[in-house]
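Notes to accompany the following structure.
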Amino acid sequence: MTASEGEVRRRADRLRAEIRRHDHLYHVENRPEISDGAYDRLFRELQAIEEEFPHLLTPDSPTQRVGADPLSQLPVVRHVVAMLSLDSSESEEDLRRFDERVRKAMDGPVEYLVEPKLDGSSLELVYVDGVLDRAVTRGNGVEGEGVTENARTIPSVPLRLRLAEELATLGPSDGDSSESADAFLIPSLLAVRGEVLMHLSSFEELNRTRVEAGLEPYANPRNAAAGALRQLDSRITRTRPLEFFAFDILDIRWAASGTEEGEASAAEEAKGFDTDEQAVEALRRWGLRLPDRTRKVADIDEAIAYHAEFARDRDGLDYEIDGVVLKLNALAPRGALGSTSHHPRWAFAFKFAPRQEVTRLERITVQVGRTGKLTPLALLRPVEVGGVTVSRASLHNREELERKDVRAGDLVRIQRAGDVIPQVVERVEEPGRVRGEPFRMPEECPRCGAAVVEEGPFVVCSNRLGCPAQLERGIEHFVSRGGLDIEGLGSETVALLVGEGLVCEPADLFDVTPDDLLKLEGFAETRSRKLAAAIQRARKTELARFIYGLGIPEVGATVARVLAAEFRDLTILRTTTAERLEEVEGIGPIMSEKITAFFFDEARAASLDAILSKGFELIPPPERESRALEGKSFVFTGRLDSITRSEAKKRVESLGGRVVSSVSSATGYLVRGERPGSKARKAEELEVPVLDEQAFLRLLEE
Ligand code: IVH
């Protein structure tokens with residue numbers, strides 16, 4: 001490298017440090033020091049250098065938050081240690097019982113760390129030698145979805161942990177001279193747990209722009225955050241205003257002498273901290289953002305006061321919280337307290353009571369669901385409940401309706417808990433007012449006129465797929481995002497197709513031609529062609545999506561995945577017995593009954609046969625994944641003969657590797673195909689191992 005290139009390298013390093021510092025000040029500490037313009041200048045200078053000298057580009061450069069090529073599916077990734085849930089309750093009694101259990105085990109007074117329970121989407125970040133290696137959603141707690149590229153676009157997710165030297169340049173307001181440099185050592189592995197969320201103001205802004213663009217607004221900030229985090233295309237995630245807050249060290253390993261590097265140290269005492277306070281302080285110093293108002297309390301009464309304080313302030317906050325979390329501050333006894341399979345015994349979420357409001361019930365109507373259930377629905381005078389306008393609420397079923405005895409014209413108390421449909425809690429007495437007639441559930445299906453039957457507390461339309469409402473809901477579910485994911489086929493179009501008689505059973509959908517669609521309201525040439533093509537394409541799909549789409553009672557996306565992985569073939573699944581199903585982990589007797597009842601039902605079986613006769617290709621999930629390529633990155637250049645780029649990428653990812661677009665000294669392998677580009681030369685310069693197509697395929701095989 002020439003002397004001038006040495007200078008350039010130093011300049012790039014300097015710029016990166018500066019930009020990281022400003023990123024941190026802005027996104028984590030909320031106290032920017034320079035103007036946006038000045039920041040942009042630094043950023044552009046760095047970008048220009050990296051463009052001119054691509055080999056100076058590092059994967060953890062602040063310019064690398066731009067989003068990568070879209071994935072075909074999110075890889076399943078195992079957590080470093082299981083991400084458990086939290087024990088929780090709204091009742092002070094339950095909380096006190098928790099405290100008593102802890103005190104008994106501790107044999108003395110206990111301190112808790114208390115903080116808000118953020119209502120977002122849970123995420124694990126794993127740093128290897130201080131560099132962000134992967135990000136994994138909670139999933140089932142053991143395995144989640146790898147969303148690394150998406151997490152990289154979140155400004156408050158550090159691409160690498162901050163070091164002592166960087167802190168030293170942060171200026172007097174941040175540097176506390178009494179801090180020992182030891183605290184800034186970088187662990188060889190750090191798994192951090194935190195929450196991804198969207199601030200309410202950003203959420204409203206996002207919804208405004210969506211509505212203007214003719215798109216559906218998101219139901220709430222949590223769904224918006226979770227959806228953005230699970231995008232296949234990180235360039236979309238990048239446009240969403242996400243934030244990350246860290247609150248727990250899942251695992252930490254030090255490559256110190258004496259202990260073997262990489263040795264698992266799930267035991268709390270091995271984390272190198274005595275208290276949770278120290279642990280979160282370390283997170284803060286490494287550059288992670290912590291929840292606001294975290295506090296240490298000396299006893300349970302203080303924690304209850306903290307909860308009350310937060311409940312009062314709740315509506316004034318710019319983010320959603322659904323309670324406060326208490327964690328035993330001392331780390332050593334955590335191991336002794338242990339955990340259940342669901343939650344640790346050293347933490348507790350003291351939840352807020354759901355938000356309630358009183359409004360007038362204008363009318364009761366009945367909705368027919370996918371399984372034929374008739375649900376009474378309260379149409380309300382619109383009212384704002386905790387920032388959301390509510391105009392309808394579920395009355396659940398006949399029994400509930402009778403028990404609550406609400407009638408048109410009554411004043412009712414409603415509540416919203418999380419994102420579940422608002423509920424009618426009770427009728428509010430109005431002495432002296434003359435009430436309307438009690439509501440009676442219809443004896444015929446309001447949609448198809450067929451007789452209804454009573455099933456326990458429910459009233460069900462007996463007409464099944466003969467009922468247009470059930471057919472519509474069933475098709476909507478079949479083609480929904482978790483199912484066949486047919487773009488452009490929303491509930492309105494489904495209703496038109498059914499209403500016009502083009503679709504009388506789900507299989508008919510696959511005979512719909514562009515000409516058929518042209519006859520529908522709102523369909524011109526392009527739209528018709530696109531939708532018809534999307535429907536045809538959907539016949540090749542993942543087995544798990546297809547199973548989910550069938551709408552088998554009790555079978556959601558997770559169970560569908562489990563079934564697809566276990567049986568790998570629809571014919572085998574269809575003919576399996578309840579006993580065999582029960583052998584599958586996560587499938588109990590009720591679920592296995594429902595599954596076999598569904599497949600052995602004559603009408604369902606005929607409908608399924610009709611669908612399959614349209615020619616489906618159902619792809620089973622990749623075989624049990626191995627992590628053989630863990631931590632290895634691949635760059636492709638040139639044309640591959642026997643495998644497509646996207647297939648190659650999928651294979652690498654299924655083995656735990658990553659595919660990146662540019663070569664750096666950190667690149668694991670360069671795969672060189674026919675007529676390679678400049679990347680090949682660069683790889684040679686940087687002494688990155690180069691594989692030809694055959695060698696690459698052999699590596700995958702091994
Ligand atoms: S502590 C097992 N602290 O709540 C203990 N969790 O209902 C580790 N959550 O999925 C979690 N805010 O993602 C903790 N301040 C906070 C939290 C928090 C939100 C989430 C967490 C978990 C869920 C459990």
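Quick caveat, the model's predicted, so the values are computed rather than measured. In what follows, residues are counted from 1 in the order of the sequence shown.
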Could you tell me whether D251 and R253 make a salt bridge, using a distance below 4.0 angstrom between a side-chain N and a carboxylate O? yes
Might you point out which heavy atoms bring L200 and L317 nearest each other, and give the distance in Å? CD1-O, 3.6 Å
Any heavy-atom pair between the side chains of K327 and F348 that's under 4.5 Å? no
Is it the case that R334 places NZ or CZ above or below the six-membered ring of W346, under 6.0 angstrom from the centre and within 45 degrees of the axis? yes
Over all atoms of both residues, closest heavy-atom pair of V425 and I414: CG2-C, 4.0 Å
Rounded to the nearest 0.5 Å, how far apart are CG of L25 and CD1 of I34? 9.0 Å
Pair D119, Y319: side-chain N/O donor-acceptor within cut-off below 3.5 Å: no
Between H22 and E33, do the side chains contain an N or O donor and an N or O acceptor separated by less than 3.5 Å? no
Which is it for R289 and E243 under the salt bridge (charged side-chain N to carboxylate O under 4.0 Å, His left out) test, yes or no, and what are the steps along the way? CA-CA 9 Å; R289 183 164 176 185; E243 322 243 359; 2.7 Å; yes
More than 12 heavy atoms of other groups within 6.0 Å of R360 CZ: yes
Quick one, L189 and V80 - any side-chain contact, counting heavy atoms below 4.5 Å? yes
With heavy-atom distances below 4.5 Å as the criterion, would you say the side chains of R193 and E124 are in contact? no
Let me see the working for E195 and S122 under side-chain contact (heavy atoms from CB on, under 4.5 Å), right down to the final yes or no. CA-CA 5 Å; E195 203 84 353; S122 210; 4.0 Å; yes
Heavy-atom distance under 4.5 Å between the side chains of I186 and D129, does that happen here? no
Evaluate the side-chain proximity of L288 to V192: yes if any heavy-atom separation is below 4.5 Å, no if none is. yes
H342 side, atom NE2; D87 side, atom CG - distance, nearest 0.5 Å: 7.5 Å
What pair of heavy atoms forms the shortest contact from D233 to N150, and how long is it? C-OD1, 4.3 Å
Taking atom CD as the centre, does E554 end up with more than 12 heavy-atom neighbours from other residues, nucleotides or ligands that are less than 6.0 angstrom away? yes
Those residues at least two apart in sequence (or on a different chain) that pass side-chain hydrogen bond (donor to acceptor under 3.5 Å, both in side chains) with D313 are R293
In plain terms, say whether R295 and E302 are close enough for a salt bridge, that is, a side-chain N and a carboxylate O under 4.0 Å apart. no
Is it true that D301 and R96 have a side-chain N and a carboxylate O under 4.0 angstrom from each other? yes
Within this structure, what is the CZ-OG1 distance for the pair R284 and T294, rounded to the nearest 0.5 Å? 11.0 Å
Basic-acidic side-chain contact under 4.0 Å: R561, E145: yes
So I364 and L377, side-chain contact (heavy atoms from CB on, under 4.5 Å) or not? Walk me through it. CA-CA 6 Å; I364 296 175; L377 196 70; over 6 Å; no
May I ask you to decide whether R210 forms a salt bridge with E205, counting only side-chain N to carboxylate O separations under 4.0 Å? no
Heavy atoms only: give me the nearest D60-R20 pair and the separation to one decimal. O-NH2, 3.2 Å
Value rounded to 0.5 Å, distance of OG1 in T359 from CD in Q356: 13.5 Å
Dump the intermediate steps for salt bridge (charged side-chain N to carboxylate O under 4.0 Å, His left out) on E277 and K296, then the final yes or no. CA-CA 8 Å; E277 202 180 10; K296 187 168 70 180; 3.2 Å; yes
Compute whether any side-chain donor of one residue and acceptor of the other, for Y39 and D23, lie under 3.5 angstrom apart. yes
Taking every heavy atom of P241 against every heavy atom of M198, the minimum-distance pair comes out as O-CG, 3.2 Å
Are side-chain N/O atoms of E29 and H24 paired as donor and acceptor at under 3.5 Å? yes
Are the charged groups of K404 and E400 less than 4.0 angstrom apart, N to O? yes
Would you call R413 and E426 a salt bridge, taking side-chain N to carboxylate O under 4.0 Å as the test? yes
ring-ring contact (aromatic ring centres under 6.0 Å, His included) against F245, all qualifying residues, sequence neighbours excluded: none
Listed partners of F352 passing ring-ring contact (aromatic ring centres under 6.0 Å, His included), at least two apart: H307
Sole candidate of L401, T365, V412 that passes side-chain contact (heavy atoms from CB on, under 4.5 Å) when paired with L395: L401
Do K117 and V324 make a side-chain contact, defined as non-hydrogen atoms from C-beta onward lying under 4.5 Å apart? no
With sequence neighbours left out, what residues match E362 under side-chain contact (heavy atoms from CB on, under 4.5 Å)? R381
Could you go through the side-chain contact (heavy atoms from CB on, under 4.5 Å) check for L190 and L283 one step at a time? CA-CA 10 Å; L190 175 70; L283 290 177; 4.3 Å; yes
Is it the case that more than 12 heavy atoms not belonging to R427 sit under 6.0 Å from its CZ atom? yes
Atom pair OG (S121) and CG (L229), whose distance is rounded to the nearest 0.5 Å: 5.0 Å
Separation of I236 CD1 from R230 CZ (nearest 0.5 Å): 13.5 Å
Pair E309 + R312, salt bridge at N-O below 4.0 Å: no
Considering residues at least two apart in sequence or located in another chain, which fulfil the ring-ring contact (aromatic ring centres under 6.0 Å, His included) criterion with Y218? none
Report yes if some heavy atom in the side chain of L123 is under 4.5 Å from a heavy atom in the side chain of F244; otherwise report no. yes
Could you walk me through whether Y112 and D276 pass the side-chain hydrogen bond (donor to acceptor under 3.5 Å, both in side chains) check? CA-CA 9 Å; Y112 294 107; D276 201 26; over 6 Å; no
Minimal non-hydrogen separation, W286 against P187, with atom names: CZ2-CD, 3.5 Å
Test: E320 and R355 ion pair at under 4.0 Å: yes
Under the rule for ring-ring contact (aromatic ring centres under 6.0 Å, His included), what residues qualify as partners of Y548, not counting sequence neighbours? H477
Is there a side-chain contact between L326 and L113 (heavy atoms, below 4.5 Å)? no
Verify side-chain hydrogen bond (donor to acceptor under 3.5 Å, both in side chains) between E143 and H79, making sure each step is shown before the conclusion. CA-CA 6 Å; E143 294 177 329; H79 293 296; over 6 Å; no
Counting neighbours of CZ on F43 that are heavy atoms of other residues, nucleotides or ligands and sit closer than 6.0 Å, is the number greater than 12? yes
Before you tell me yes or no, could you show the steps for L250 and M83 under side-chain contact (heavy atoms from CB on, under 4.5 Å), namely the whole-Å CA-CA distance, both residues' side-chain angles and the distance that decides it to 0.1 Å? CA-CA 8 Å; L250 281 162; M83 276 173 94; 3.9 Å; yes
